[in-house]
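This report refers to the structure that appears directly beneath it.
A, B, ... follow the sequence lines: proteins, then strands. Residue 1 opens every chain. On a predicted model such as this, the values are computed, not experimentally measured, just so you know.
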2 protein chains.
Amino acid sequence: MSTAEETAGGEAQPWGEVTPDAARRLLLAAVEAFAERGYHATTTRDIAGRAGMSPAALYIHYKTKEELLHRISRIGHEKALEVLRTASRAEGSPTERLAGAVSSFVRWHAGGRTTARVVQYELDSLGPEARAEIRELRRQVDAEVRGIIEEGARSGEFDIVDVHGTTLAVLSLCIDVARWFKVDGPRTPEEVGALYADLVLRMVGVTDPGATRK
Amino acid sequence: MSTAEETAGGEAQPWGEVTPDAARRLLLAAVEAFAERGYHATTTRDIAGRAGMSPAALYIHYKTKEELLHRISRIGHEKALEVLRTASRAEGSPTERLAGAVSSFVRWHAGGRTTARVVQYELDSLGPEARAEIRELRRQVDAEVRGIIEEGARSGEFDIVDVHGTTLAVLSLCIDVARWFKVDGPRTPEEVGALYADLVLRMVGVTDPGATRK
DNA sequence: GGGCTCGCTAAGCGACCGCTCACCTTTGCC
DNA sequence: GGCAAAGGTGAGCGGTCGCTTAGCGAGCCC
């Protein structure tokens, strides 16, 4: 808890739930490698090498290379969903909750860009059953955002023509952050989060975000 | 010109400039394979097989597998840039031109999703020089959109806090269409283009799109 | 302190990769 | 008909892939 293992970006002690230690090191190495080169271009020798182990060591902790991706993808999606749920189920008006959800979700994608990249762009590299499991988590992510937008539309706080389409666009905007965000770029994850929250409020027709606060 | 080779989606006779015929068939096969499985997961045997040729035939027309990706990427980016330029340099107010540019660009990504997927997501699979060349094309894409937004901001037609950030978000939204769009999904490329144009106008602070038209 | 388990390594297996090469067929020109 | 160029094939090379297996050393139980 008080160790110096927190990254500056926003991922505080990620993969802490993965044990034993060697398994976590391998998983972390795999996340980096998959994010840099993609799943198919990454070799098991590369992953083991990054973790300071021999190629065979990988197979003590994971049955196949795909199981590594599956674990990364599931834990990553669960984390993302948790971040989104915490924000979207907080107290406040739909406007406040949508802004909070978008800025949290964007911060997660920007700060943990390495993980987010694997989570969002290596879905097709999974086998059919694993992919189906992950899709269910993604459905829940979608439902969470759609819920806020529907509520804001019902209350008249938002002005929305197409709830599903707008939900899609909001999520799309957030997810794509993982593609373009660079840690040494001109913006911090917090700045992008704030900018995107503002843009999303405009998309749902809120012209004065302050109006619903008090 | 009058052949029945136009796809319903919006790509009218793509890759027509690639000759001879065998080279075009190989390139088309590569686009499909890269889009489905990714560059690294695609084998030269698979590409040749889809084109109805032996694996060796590929190397008569292309030096390496990477040259295929390079050609696809360059031609694809040039097409995308052309689509965007045609719309953004049309007559009309910044509002009209931004809406036109976004809807065209989105239609290109949705209708030609196979190509767009390769163009937008396989950039990192290119070697350093090829990647640098493509990056220059992407810079021009960015400049085209930023130009309209800057003009609208200067004229007071748009209400924008951060020109660069907004440009980034607009392009990001359009590009991500290639990730999620499905040809058998509930929306046509035209519908997504219209929806996104509307959302983008809201992002730049245009509340009544009709106001600038006459 | 002997045996047993656990985490790991060195070596390597069979498969498949990108790519090459020797050779064959078709086409057009004189 | 002779013949070169162009476009294609079958076989296969060197290398690397995901993954397996035999064995090694450190720690623990009694």
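A heavy-atom distance below 4.0 Å to DNA chain D is reached by these residues of residues 59-73 of chain B, ordered by number: B:Ile60, B:His61.
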Output a table of donor-acceptor pairs, distance under 3.5 Å, between side-chain atoms of residues 146-153 of chain A and any protein atom two or more places apart or on a different chain; print 'none' if there are none.
{"residue": "A:Arg146", "atom": "NH1", "partner": "A:Asp142", "partner atom": "OD2", "Å": "2.5"}
{"residue": "A:Glu151", "atom": "OE1", "partner": "A:Arg97", "partner atom": "NH2", "Å": "2.8"}
{"residue": "A:Glu151", "atom": "OE2", "partner": "A:Arg97", "partner atom": "NH2", "Å": "2.9"}

Side chain to side chain contact (heavy atoms under 4.5 Å, CB included) for A:Trp108 and A:Leu84? Distances and angles first, verdict last.
CA-CA 9 Å; A:Trp108 186 82; A:Leu84 197 54; over 6 Å; no
Show the numbers, then the answer: is there a side chain to side chain contact (heavy atoms under 4.5 Å, CB included) between B:His109 and B:Arg117?
CA-CA 8 Å; B:His109 279 84; B:Arg117 213 163 217 254; over 6 Å; no
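Side-chain contact of A:Glu144 with A:Gln140: a donor-acceptor pair under 3.5 Å is absent, judged by distance alone. Side-chain atoms of A:Glu122 and A:Ser125 include a donor-acceptor pair closer than 3.5 Å.
Here ring pair (Phe, Tyr, Trp, His ring centres under 6.0 Å) pairs that include residues 34-76 of chain A, with residues two or more places apart or in two chains, are A:Phe34-A:Tyr39.
Residue B:Lys182 qualifies as enclosed at atom NZ: its count of foreign heavy atoms under 6.0 Å is above 12.
Following rounding to the nearest Å, B:Asp46 (CG) and C:dC16 (P) show an atom-to-atom distance of 14 Å. As a whole-Å value, the separation of B:Arg37 CZ from C:dC17 C1' is 14 Å. Nucleotide C:dG7 holds its C1' atom 14 Å from the CG atom of A:Leu58, rounded to whole Å.
Contact footprint of chain B on DNA chain D: nucleotides with an atom under 4.0 Å from a non-hydrogen protein atom, first to last in 5' to 3' order, D:dG8 to D:dG12.
Counting any heavy atom pair closer than 4.0 Å across all strands shown, B:Thr43 reaches sugar-phosphate atoms only and no base atom.
A:Glu96 contributes no side-chain N or O that, together with a main-chain N or O of A:Gly92, makes up a donor-acceptor pair within less than 3.5 Å.
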Nucleotides 12-14 of chain C: which of its N/O atoms have a protein N/O under 3.5 Å away?
{"residue": "C:dG12", "atom": "O6", "partner": "A:Arg45", "partner atom": "NH2", "Å": "3.4"}

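Qualifying side-chain hydrogen bond (donor to acceptor under 3.5 Å, both in side chains) partners for B:Arg138, counting only residues two or more places apart in sequence or in other chains: B:His77, B:Gln120.
Under 4.0 angstrom from either OP1 or OP2 of C:dC19 there lies no side-chain N or O belonging to B:Thr44.
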